[in-house]
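In what follows, every chain begins at residue 1, and chains take the letters A, B, ... in the order their sequences are listed. Note that the coordinates shown come from a computational prediction; the quantities given were computed from them, not determined experimentally.
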2 protein chains.
Amino acid sequence: MVLSSVTLREVANEAGVHVSTASRALNPETRSIVNEKTARRVAAAAERLGYRPHPLARGLRTNRTLTVGITVPDLLNPVFPLLYAGAETSLRDQGYSLLVGAGDDPANPVAASGILIDRHVDGLIMANAHIHSSLPQMASNQPVPTVLVNRTTDSIDAPSIACDDHAGIGLIVRHLVELGHTDIAHIAGPQDISNGVIRKQAFVAWMHSEGLDTPPELIVETNGFHTAEGRKACKRLLDSGARFTAIVGANDLIALGCYDTLAERKIKVPADISVTGFDDMAFIDRVNPPMTTVLVPFYEMGALAGQVMLSLLTSDDSGAGTLPTSTRLRPVLKTRGSTAPPAGS
Amino acid sequence: MVLSSVTLREVANEAGVHVSTASRALNPETRSIVNEKTARRVAAAAERLGYRPHPLARGLRTNRTLTVGITVPDLLNPVFPLLYAGAETSLRDQGYSLLVGAGDDPANPVAASGILIDRHVDGLIMANAHIHSSLPQMASNQPVPTVLVNRTTDSIDAPSIACDDHAGIGLIVRHLVELGHTDIAHIAGPQDISNGVIRKQAFVAWMHSEGLDTPPELIVETNGFHTAEGRKACKRLLDSGARFTAIVGANDLIALGCYDTLAERKIKVPADISVTGFDDMAFIDRVNPPMTTVLVPFYEMGALAGQVMLSLLTSDDSGAGTLPTSTRLRPVLKTRGSTAPPAGS
DNA sequence: CCAAAAACTGCAATCGAATGCGTAAGATGG
DNA sequence: CCATCTTACGCATTCGATTGCAGTTTTTGG
């Protein structure tokens with residue numbers, strides 16, 4: 001396809017009508033206003049000249065950019081490109097493009113979204129919310145239509161799409177219990193991120209419901225969902241002297257960090273200690289040993305976020321109407337080689 | 001930071017000047033035209049009101065969007081987020097945002113860039129070029145300033161930044177030869193993509209320079225740089241009955257596909273057959289066995305592409321001036337566990 | 001056959017910022 | 001002290017499309 005700088009005025013001339021008529025003829029919303037034959041003539045002229053509406057001119061007038069922003073904490077974690085791809089497919093059909101903002105600074109949680117909002121995105125899909133994140137408000141009046149995805153927060157009143165982390169941890173805990181584990185440790189994510197909090201609480205809850213204990217020394221927290229944090233936390237766990245036969249990592253990267261630390265200390269996974277992750281990120285089924293984890297449907301989450309965003313954008317009632325929905329997608333246990341019965345059994 | 005819908009007119013009123021003066025005072029290019037004290041008064045007013053220029057209004061007038069498009073073949077291959085991140089850091093400082101377009105359809109190579117160009121990006125970073133890709137031209141006159149990265153093509157006259165694939169294959173071949181391999185197979189990438197062609201040619205050239213033969217049955221081609229393609233190609237290789245002790249994959253994913261097929265047939269890597277990849281993508285050092293490959297500096301390539309783009313965008317001479325540069329970054333051999341001396345030695 | 005209503009289409013303002021051009025105020029100089 | 005040149009600023013147009021309003025034509029109905 002070829003982009004020209006053909007203007008609506010030229011199309012109008014070609015069709016022998018006024019630009020306003022041409023505008024209405026070309027806009028599906030207003031096509032009915034203009035005589036059908038005229039509309040066809042305009043459409044033909046537009047086609048012939050290769051007319052493409054100028055997005056800036058249109059946006060300036062209509063105050064809409066057909067652009068949606070998406071903020072992710074970290075593009076290098078392969079789950080976020082998945083999320084992006086899902087959202088992109090939902091939105092592209094309706095003519096929307098996605099602007100990405102990456103960043104996960106708790107001190108300045110809206111740094112990424114700020115740039116996007118400055119660019120007048122029509123909506124914002126936030127995948128990097130912190131517990132206390134607030135939305136950058138337009139000083140004028142209305143906030144940008146927002147959808148929370150992946151992470152949630154009560155401090156932003158917006159529809160949210162996430163994984164049912166509680167259920168996911170349940171799958172993991174029950175799996176380990178069925179294998180015979182009773183002394184299970186948890187390396188929790190940051191406690192200013194919903195997933196970190198929920199997974200930790202779920203861990204405690206499920207352990208108790210299995211009649212198992214969760215001594216404080218078997219729960220350590222990290223400052224980020226990263227490999228390096230997992231390595232450090234695993235060391236703390238081992239150095240505490242506490243006994244345990246399995247580690248529930250708050251996500252795959254943290255669990256990968258455990259792999260590193262355990263390997264360093266000649267502790268075998270899963271023979272000596274079982275390790276589990278969370279997310280089922282790409283290639284995690286190929287690491288050594290293949291990691292038992294819980295699949296989080298990131299692509300679907302992104303796609304759903306895109307659809308919800310579309311409904312926000314097309315709903316005429318600006319915000320006041322439908323109350324925010326809260327969707328939780330079902331996780332799936334992926335049993336692989338990083339879990340086995342405890343050494344004693 | 002807060003976005004307001006404060007208009008330049010309001011700033012001008014607040015400062016007691018005309019909008020044109022306010023405009024000039026706020027624009028670094030023209031600040032010198034206006035009295036310094038006035039300029040400061042305007043700047044203060046803008047600050048006080050929280051003025052942010054409206055990107056659409058500005059863009060409409062100046063015909064620049066401060067947006068650069070980047071097209072990648074596949075966001076789910078982790079090397080492309082890396083590339084993106086590199087470009088993003090280079091461009092963000094100068095106020096540019098990146099619009100991503102993903103797609104790798106040879107039949108419609110410019111599908112992704114079409115959307116971007118329709119959105120009036122100021123420049124285009126293409127990472128998904130095919131050998132015969134042509135640039136979507138503006139019907140008017142000038143093409144969009146373009147930088148080729150990762151893949152190159154002669155059919156687009158633009159600066160290019162890529163990896164020195166020839167040298168990279170040399171590192172691999174010499175490594176295998178040093179281990180004692182003489183019967184080495186190559187699974188080539190698609191031959192309508194520069195990397196596929198160059199790596200294949202380089203493989204032949206380096207083998208010959210090592211005094212080794214490259215019988216045609218030991219070179220198979222794929223239709224994409226994907227795992228599934230690698231699996232299929234590896235099967236063809238094995239089914240041909242030809243003897244070989246090592247496989248040089250055109251990239252990491254293809255080599256991963258070899259892992260699968262070889263495992264399926266109980267052939268051990270590297271004991272029976274050595275396998276090598278290309279790219280050193282994330283987590284490839286953690287697969288089983290850790291893959292010997294060649295590091296391609298994607299982040300740096302992206303960063304460089306961003307810088308070259310900036311120089312294109314800021315050079316006043318529109319295209320006619322500096323001739324396209326062609327940069328090749330140096331790859332680095334990563335020796336890991338997927339290569340070993342051949343079985344017989 | 002005429003009045004009223006409906007159906008089309010054109011006019012002109014508007015979105016917000018940038019900029020060529022003209023002009024008034026101040027500086028310089030002879 | 002007046003002519004000339006700067007320096008600073010304002011006026012008005014422009015970018016390309018959308019849209020309220022008004023005007024014209026056609027249709028409908030009585």
In whole angstroms, how far is the [atom2] atom of [N] from the [atom1] atom of [X]?
X: A:Glu29; N: D:dT19; atom1: CD; atom2: P; answer: 9 Å
X: A:Leu8; N: D:dT19; atom1: CG; atom2: P; answer: 12 Å
X: B:Arg9; N: D:dC11; atom1: CZ; atom2: P; answer: 11 Å
X: A:Leu49; N: D:dG16; atom1: CG; atom2: C1'; answer: 15 Å
X: A:Glu10; N: D:dA17; atom1: CD; atom2: C1'; answer: 13 Å
X: B:Arg64; N: C:dA17; atom1: CZ; atom2: C1'; answer: 14 Å
X: B:Asn13; N: D:dG10; atom1: CG; atom2: P; answer: 11 Å
X: A:Asn27; N: D:dA17; atom1: CG; atom2: P; answer: 12 Å

Not counting sequence neighbours, which residues clear side-chain contact (heavy atoms from CB on, under 4.5 Å) with [X]? List them please.
X: B:Asp157; value: B:Pro324
X: B:Arg64; value: B:Thr62, B:Leu66, B:Tyr96, B:Asp122
X: B:Ala303; value: B:Ser90
X: A:Arg328; value: A:Thr152, A:Ser160, A:Ala162, A:Asp164, A:Ser326

Under a 4.0 Å N-O cut-off, is there an ion pair linking A:Arg151 with A:Asp104?
yes
Could you spell out the base pairing of DNA chain D as a dot-bracket line? Use Watson-Crick and G-U wobble contacts where both distances are under 3.5 Å, [ ] for crossing pairs, | for partners on a different strand.
||||||||||||||||||||||||||||||
Show every side chain to side chain donor-acceptor pair (under 3.5 Å) that has at least one partner inside residues 23-32 of chain A, sequence neighbours left out.
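Matches after skipping sequence neighbours: A:Ser20-A:Arg24.
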Quick note, side chain to side chain donor-acceptor pair (under 3.5 Å) partners involving residues 297-309 of chain A, not counting sequence neighbours, are A:Thr89-A:Tyr299
Partners of A:Arg9 by side chain to side chain donor-acceptor pair (under 3.5 Å), sequence neighbours excluded?
none
Considering residues at least two apart in sequence or located in another chain, which fulfil the side chain to side chain donor-acceptor pair (under 3.5 Å) criterion with B:Thr153?
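For B:Thr153 the side chain to side chain donor-acceptor pair (under 3.5 Å) partners, ignoring immediate neighbours, are B:Ser155.
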Give one of base, sugar-phosphate or nothing for B:Thr7, where a contact means two heavy atoms less than 4.0 Å apart.
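Sugar-phosphate: the residue B:Thr7, judged by heavy atoms under 4.0 Å, touches backbone atoms but no base.
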Close side-chain approach of B:Val147 and B:Leu124, heavy atoms under 4.5 Å
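Answer no - side chains too far apart.
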Under 4.0 Å between a side-chain N or O of B:Tyr51 and OP1 or OP2 of C:dG16?
no
Return no unless some side-chain N or O of B:Arg58 is found under 4.0 Å from OP1 or OP2 of C:dA18.
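Affirmative; the distance criterion is met.
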Between the protein and nucleotides 13-15 of chain C, are there any N/O to N/O pairs under 3.5 Å, and if so, what are the atom names and distances?
residue: C:dT14; atom: O2; partner: A:Arg61; partner atom: NH1; Å: 3.1

Between the protein and nucleotides 6-9 of chain D, which nitrogen or oxygen pairs come in under 3.5 angstrom?
residue: D:dC9; atom: OP1; partner: B:Thr38; partner atom: OG1; Å: 2.4
residue: D:dC9; atom: OP2; partner: B:Asn35; partner atom: N; Å: 2.6

Could you note down all residue pairs passing salt bridge (charged side-chain N to carboxylate O under 4.0 Å, His left out) where residues 83-93 of chain B supplies at least one of them, sequence neighbours left out?
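For residues 83-93 of chain B: B:Glu88-B:Arg92.
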